[in-house]
> 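Below is the structure I would like to discuss, written out as structure tokens.
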Amino acid sequence: RKAIHERVALVMEKLFEDRLPEYYETLAYHFKRGQSVDKAVDYLSKSGEKSMERYALKEAHRYYGAAYRLLSSRSEKLGNTDCLLIDLLNKWSRVYYYRGRYKELLALLTKHQAVADSLPHSDKRGMFYAWLGCALWHRERFRDAHQQLMKALAFGEKNKNVTVIGYACCWLSWVCTELGLIDDAIGYAERAQRILKADRRDDFIYVSSMCGMGYAFWHRGDKPKTLEVGNVLLDFGRKQGDYRAKGMGYCCIGWSHLIGGDLEKATPYFAKAVQVSVDPWFSLFPKLALAYGMIGNGNVYDAEKHIVEILKFSQQFGAEFAGKPAQFFHGMVLISQDRINEGLQILEESCQYWMENGHSLRYAACGSILASVYAELSKKARDSCQTKFALLADSKATAYFQDSIESAGKIGANATLGRAYRDWGLLYQEKGDTDKAAACFAQANTYLRLCGSEVLAEYVADDKVQEYA
């Protein structure tokens with residue numbers, strides 16, 4: 001029977017040599033049941049890639065999984081088996097990436113890291129380390145991710161492999177932003193763009209590096225450039241029929257409105273990003289910003305549904321890149337439901353974790369939010385004559401404002417600086433300290449106008465008028 005399948009496959013190869021892509025699946029079927037393992041692996045891999053291009057991720061996963069099992073069960077390890085295995089893992093990793101299965105991906109790559117380390121083929125090793133860095137990044141292990149991506153970049157540079165360099169650079173743009181290295185992040189994204197212009201073979205590098213650039217511009221507080229990246233991605237997605245580019249384009253446009261302080265404009269764009277995305281991960285990621293916008297607009301009920309969905313996904317599949325901030329937002333929801341102690345514990349523990357692990361961006365941004373939460377609790381406590389709690393909340397708010405402003409200043413997160421100074425000014429205003437309030441408002445106005453946040457800057461101007469009145 002094996003001989004029959006083998007002969008059928010070989011005849012098909014010759015008969016349809018000009019139209020082989022149409023028959024990848026059939027050839028994979030026969031070679032898998034035949035005698036040529038290498039050919040079976042090759043056609044299973046090509047079938048997986050073909051399915052992935054049609055967004056049929058579960059089908060692609062089955063093809064790659066079948067190829068993996070063939071190689072793993074090979075009784076006689078030939079000289080090219082390890083090379084074939086790592087090459088397969090590099091291709092299969094993209095399916096895990098789109099599906100958001102980062103726990104499984106990291107376990108799979110870690111299992112075979114020793115094999116990758118032993119390969120003489122630096123290109124395959126370089127791409128392996130890039131995917132390992134990608135998996136670590138989504139598990140919120142940013143320092144480890146940075147280490148692996150820099151290793152991948154070194155392999156790419158040594159062998160002048162533009163694909164490895166491109167993948168390493170586009171993901172370094174995301175990881176460096178999280179580590180507070182925003183200028184480096186933008187530099188890596190721009191480098192990936194230059195590589196693509198010289199060798200336009202992989203649109204993934206283009207889309208991912210543009211997304212990373214938009215993410216960096218958002219956190220630096222550059223509204224015009226974040227908006228520009230969003231429109232470029234949206235245009236590319238429409239012309240190329242790329243739903244991932246369209247979804248991330250809507251995200252970037254939404255982020256630009258967040259910088260401008262316009263939550264009502266931002267939220268519909270995040271909703272559009274969710275609607276157009278067809279992959280599990282690309283449809284989940286925008287829900288994080290959507291939930292944040294909903295909380296800001298007072299729609300806590302719908303926000304909580306998205307947060308719970310993100311938390312469940314993260315816990316099951318290891319997507320802490322979105323799961324940890326979702327946990328923080330869950331704390332905000334609890335506080336809005338008067339479960340104040342539970343909510344504050346989550347916010348405090350999240351900020352403490354980010355600070356201890358060097359996640360500078362998240363500590364600065366969420367530390368500022370926590371400071372504003374304490375400031376609001378302090379005001380409510382004073383209004384209800386809870387003097388002791390008011391003093392405690394005031395002390396906490398001041399400490400977090402100081403820390404978040406210091407952290408944001410070090411990394412150049414101007415939008416965070418503007419919002420933090422404004423909210424700190426409101427706290428001083430409420431306490432009657434006009435001089436400190438005025439100083440905070442002046443700083444807030446400077447940073448917000450630097451970001452192009454005219455709406456928030458006008459709010460600050462109104463705050464000043466009220467203060468002087």
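Side chains are part of it too, since the values below use all heavy atoms of this structure and drop only hydrogens, waters and symmetry mates.
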> Say you draw a straight line from CH2 of Trp354 to CZ of Phe142; how long is it, rounded to the nearest 0.5 Å?
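Taking CH2 in Trp354 and CZ in Phe142, the distance rounds to 9.0 Å.
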
> Does any pair with a residue in residues 205-221 pass salt bridge (charged side-chain N to carboxylate O under 4.0 Å, His left out), and if so which ones, sequence neighbours excluded?
Asp183-Arg220, Arg220-Asp222

> Evaluate the side chain to side chain donor-acceptor pair (under 3.5 Å) criterion for residues Tyr96 and His138: first the C-alpha distance (whole Å), next the side-chain angles of each, then the deciding distance (0.1 Å), finally the verdict.
CA-CA 11 Å; Tyr96 281 103; His138 285 89; over 6 Å; no

> According to salt bridge (charged side-chain N to carboxylate O under 4.0 Å, His left out), does anything in residues 278-292 pair up with another residue at least two apart or in another chain? List the pairs.
Arg244-Asp279, Lys287-Glu309

> Output the distance between atom CZ (Phe155) and atom CG (Asn161), rounded to the nearest 0.5 Å.
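Going from CZ on Phe155 over to CG on Asn161, the span is 12.0 Å.
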
> If you count every heavy atom of other residues, nucleotides or ligands that lies below 6.0 Å from Tyr292 atom OH, does the total exceed 12?
no

> Check the pair Glu104 / Arg99 against salt bridge (charged side-chain N to carboxylate O under 4.0 Å, His left out), numbers first and verdict last.
CA-CA 11 Å; Glu104 296 171 29; Arg99 298 182 75 203; 5.6 Å; no

> Starting at CZ of Arg139, measure out to SG of Cys134 and round the result to the nearest 0.5 Å.
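These two atoms lie 13.0 Å from each other.
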
> Between Asp242 and Lys246, does any NZ, NE, NH1 or NH2 come within less than 4.0 Å of an OD or OE carboxylate oxygen?
no

> Which value, rounded to the nearest 0.5 Å, describes the distance between Arg54 atom CZ and Glu49 atom CD?
12.5 Å

> Within a reach of under 6.0 Å around OH of Tyr243, are more than 12 heavy atoms found that belong to other residues, nucleotides or ligands?
no

> If you count the non-hydrogen atoms of other residues, nucleotides and ligands that lie under 6.0 Å from CD in Glu356, is the total more than 12?
yes

> Are Lys239 and Asp235 within salt-bridge range, i.e. N to O under 4.0 Å?
yes

> Between atom CH2 of Trp255 and atom OH of Tyr269, what is the distance when rounded to the nearest 0.5 Å?
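One gets 15.0 Å once the value is rounded to the nearest 0.5 Å.
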
> Heavy-atom count around Lys265 NZ within 6.0 Å, excluding the residue itself: above 12?
no

> In chain order, what residues pass the salt bridge (charged side-chain N to carboxylate O under 4.0 Å, His left out) check against Glu304, with sequence neighbours excluded?
none

